Participant: 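Below you'll find the structure I mean.
Computed from a predicted structure; not experimentally measured. Remember, it's 1-based here, ligands and their atoms both numbered in the order they're listed. Just so you know, residue 1 is the first one in the sequence shown, and it goes up from there.
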Amino acid sequence: MSLVEVRHVSCLFHRPDGSLLKAIDDVSLDVPRGRTVAVIGESGSGKSTLARLILGIYKTAGGSVRFDGVDIATLDKQAMRKLRARIGVVFQEPFESLNPRMRIGAIIEEPLVVHQKTLSREARRAKVADMLREVDLDPILADRYPGALSGGQQQRIGIARALIGEPSLVVLDEPTSSLDLSVRAQVLVLLARLQKARGLTYLMITHDLASVEYFADEVLVMYRGRIVERGPTAEVLGQPKEAYTQRLLSARLSVEV
Ligand code: ADP
């Protein structure tokens with residue numbers, strides 16, 4: 001059984017004119033434990049909506065999302081909170097996702113305050129210091145504010161916050177897109193190392209083909225709310241079968257070169 005099993009899921013939004021937009025249309029996918037599945041596709045293809053369905057933020061209009069064998073639609077509020085504690089999210093814009101008025105230590109600690117109420121303050125602080133070391137940052141940074149850090153350091157804080165609760169699934173929402181190329185590579189190396197050390201399962205949404213190539217086991221290509229192609233990374237990126245994927249990859253390559 002895969003950690004995440006999505007079956008025939010759809011999601012509808014109302015357009016301003018009252019008509020319905022099928023943002024996700026009959027999508028099925030598996031995210032196997034300990035693996036990385038990447039979802040690629042141009043802007044507006046439905047990648048973030050799909051991630052939000054898996055996180056239980058949006059409700060499905062048909063189909064099911066199972067996390068560790070449990071249909072998330074059957075969970076009450078408390079069970080849903082427990083499930084959310086098992087999922088970490090790393091966002092594209094680290095600075096926007098980090099409260100500038102909170103000290104870094106408090107930012108990283110927050111998920112523990114919410115989800116692990118029995119932990120003492122000292123135990124939480126010790127975990128934060130360990131987590132900072134694990135993302136290659138000096139624990140002394142716990143007393144500083146995020147605005148004082150570089151983009152790469154901020155993303156390391158975002159990763160530390162996502163992992164502090166020891167989640168099994170991490171949703172990586174464009175984790176490297178806002179970073180400079182050299183920093184991007186360092187963050188990818190860190191994410192790969194953490195995955196190995198902690199046995200994490202990654203669902204990655206991205207435009208950045210280099211990160212897909214670097215560590216995705218499988219790639220799903222989305223177009224207008226549907227998955228139009230899927231397969232092992234080397235196959236999809238190396239020999240795409242669908243005309244849409246071929247266009248997407250050649251457009252990206254010409255932009256990247
Ligand atoms: P991507 O992440 O691939 O850029 P999204 O999942 O954000 O794509 O969007 C897919 C489609 O759904 C787009 O047409 C977008 O405008 C629409 N959409 C996304 N979220 C909402 C929302 N909350 N309300 C209405 N329409 C939405």
Participant: Identify the closest protein heavy atom to atom 14 (O) of ligand 1: which residue and atom is it, and at what distance?
Facilitator: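 Here the nearest protein heavy atom works out to L21 CD2, 3.6 Å.
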
Participant: Main chain of P240, side chain of Q246: is a donor-acceptor contact present, judged purely on distance under 3.5 Å?
Facilitator: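 Here the side-chain-to-backbone pair exists.
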
Participant: May I ask you to check whether A23 has an N/O atom sitting below 3.5 Å from an N/O atom of ligand 1?
Facilitator: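 N/O-N/O distance under 3.5 Å: no.
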
Participant: Which residue and atom name correspond to the protein heavy atom nearest atom 8 (O) of ligand 1, and how close is it?
Facilitator: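 Answer for atom 8 (O) of ligand 1: G46 N, 3.1 Å.
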
Participant: For ligand 1, which atoms, with element, lie under 4.0 Å from some heavy atom of S43?
Facilitator: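 Answer for ligand 1: 4 (O).
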
Participant: Please examine the side chains of M222 and I40, heavy atoms only from C-beta on, and report whether any two atoms are closer than 4.5 Å.
Facilitator: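 With C-beta onward as the side chain, the pair stays apart.
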
Participant: Under the 3.5 angstrom rule, does the side chain of D180 hit a backbone N or O of S182 as a donor-acceptor pair?
Facilitator: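 A pair under 3.5 Å: no.
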
Participant: Should the pair K47-E42 be classified as a salt bridge under the 4.0 Å nitrogen-to-oxygen rule?
Facilitator: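 Not counted as a salt bridge, because no side-chain N and carboxylate O are separated by less than 4.0 Å.
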
Participant: What are the atoms of ligand 1, with element, lying closer than 4.0 Å to any heavy atom of E42?
Facilitator: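 The atoms of ligand 1 under 4.0 Å from a heavy atom of E42 are 3 (O).
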
Participant: For ligand 1, which atoms have a heavy atom of S45 less than 4.0 angstrom away?
Facilitator: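 In order of number, 1 (P), 3 (O), 8 (O).
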
Participant: Please test R7 against D26 for salt bridge (charged side-chain N to carboxylate O under 4.0 Å, His left out), starting from the C-alpha separation and ending with a verdict.
Facilitator: CA-CA 8 Å; R7 295 291 175 269; D26 193 17; over 6 Å; no

Participant: Please report whether atom 18 (N) of ligand 1 has a protein non-hydrogen atom at a separation of less than 4.0 Å.
Facilitator: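 Looking at atom 18 (N) of ligand 1, one finds that a protein heavy atom does lie closer than 4.0 Å.
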
Participant: Specify the protein heavy atom at minimum distance from atom 2 (O) of ligand 1: its residue, its atom name, and the distance to 0.1 Å.
Facilitator: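 I find the closest protein heavy atom is S48 OG, 2.7 Å.
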
Participant: Heavy-atom distance to atom 5 (P) of ligand 1: which of T49, I40, L12 wins?
Facilitator: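 When every heavy atom of T49, I40, L12 is considered, T49 comes closest to atom 5 (P) of ligand 1.
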
Participant: Give the residue, atom name and distance (to 0.1 Å) of the protein heavy atom nearest atom 27 (C) of ligand 1.
Facilitator: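 Minimum-distance protein heavy atom for atom 27 (C) of ligand 1 reads F13 CD1, 3.3 Å.
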
Participant: Applying salt bridge (charged side-chain N to carboxylate O under 4.0 Å, His left out) to D136 and R193, what does each step give before you reach the verdict?
Facilitator: CA-CA 11 Å; D136 301 326; R193 194 183 79 208; 3.1 Å; yes

Participant: Could you check whether R161 pairs with E110 (Lys NZ or Arg NE/NH1/NH2 to Asp/Glu carboxylate O, under 4.0 Å)?
Facilitator: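 A salt bridge is present here (some side-chain N lies under 4.0 Å from a carboxylate O).
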
Participant: Give the residue and atom name of whichever protein heavy atom lies nearest to atom 10 (C) of ligand 1, and the separation in Å to one decimal.
Facilitator: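 Going atom by atom, the protein heavy atom closest to atom 10 (C) of ligand 1 ends up being G44 O, 3.4 Å.
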
Participant: Looking at M102, R124, M131, which hits side-chain contact (heavy atoms from CB on, under 4.5 Å) with E109?
Facilitator: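 Passing option: R124.
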
Participant: Is there any N or O on L50 that sits under 3.5 Å from an N or O of ligand 1?
Facilitator: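 No - when backbone and side-chain N and O of L50 are compared with those of ligand 1, no distance drops under 3.5 Å.
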
Participant: Out of all atoms in ligand 1, which are within 4.0 Å of some heavy atom of K47? Include the element for each.
Facilitator: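 Those atoms are 1 (P), 2 (O), 3 (O), 4 (O), 6 (O), 8 (O).
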
Participant: Under 4.5 Å between any side-chain heavy atoms of D208 and V212, yes or no?
Facilitator: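 Sidechains of V212 and D208: no contact.
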
Participant: List the closest protein heavy-atom neighbour of atom 23 (N) of ligand 1: residue, atom name, distance to the nearest 0.1 Å.
Facilitator: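 Closest protein heavy atom to atom 23 (N) of ligand 1: Y58 OH, 3.3 Å.
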
Participant: Scan the side chains in residues 57-73 for donor-acceptor partners under 3.5 Å anywhere in the protein, sequence neighbours excluded, and list what turns up.
Facilitator:
residue : atom : partner : partner atom : Å
R66     : NH1  : G69     : O            : 2.6
D68     : OD1  : R33     : NH1          : 3.2
D68     : OD1  : R33     : NH2          : 2.8
D68     : OD2  : R86     : NH1          : 3.3
D68     : OD2  : R86     : NH2          : 3.0
D71     : OD1  : A73     : N            : 3.0

Participant: Below 4.0 Å from ligand 1: does a non-hydrogen atom of G41 turn up there or not?
Facilitator: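 Outside the 4.0 Å threshold, so no.
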
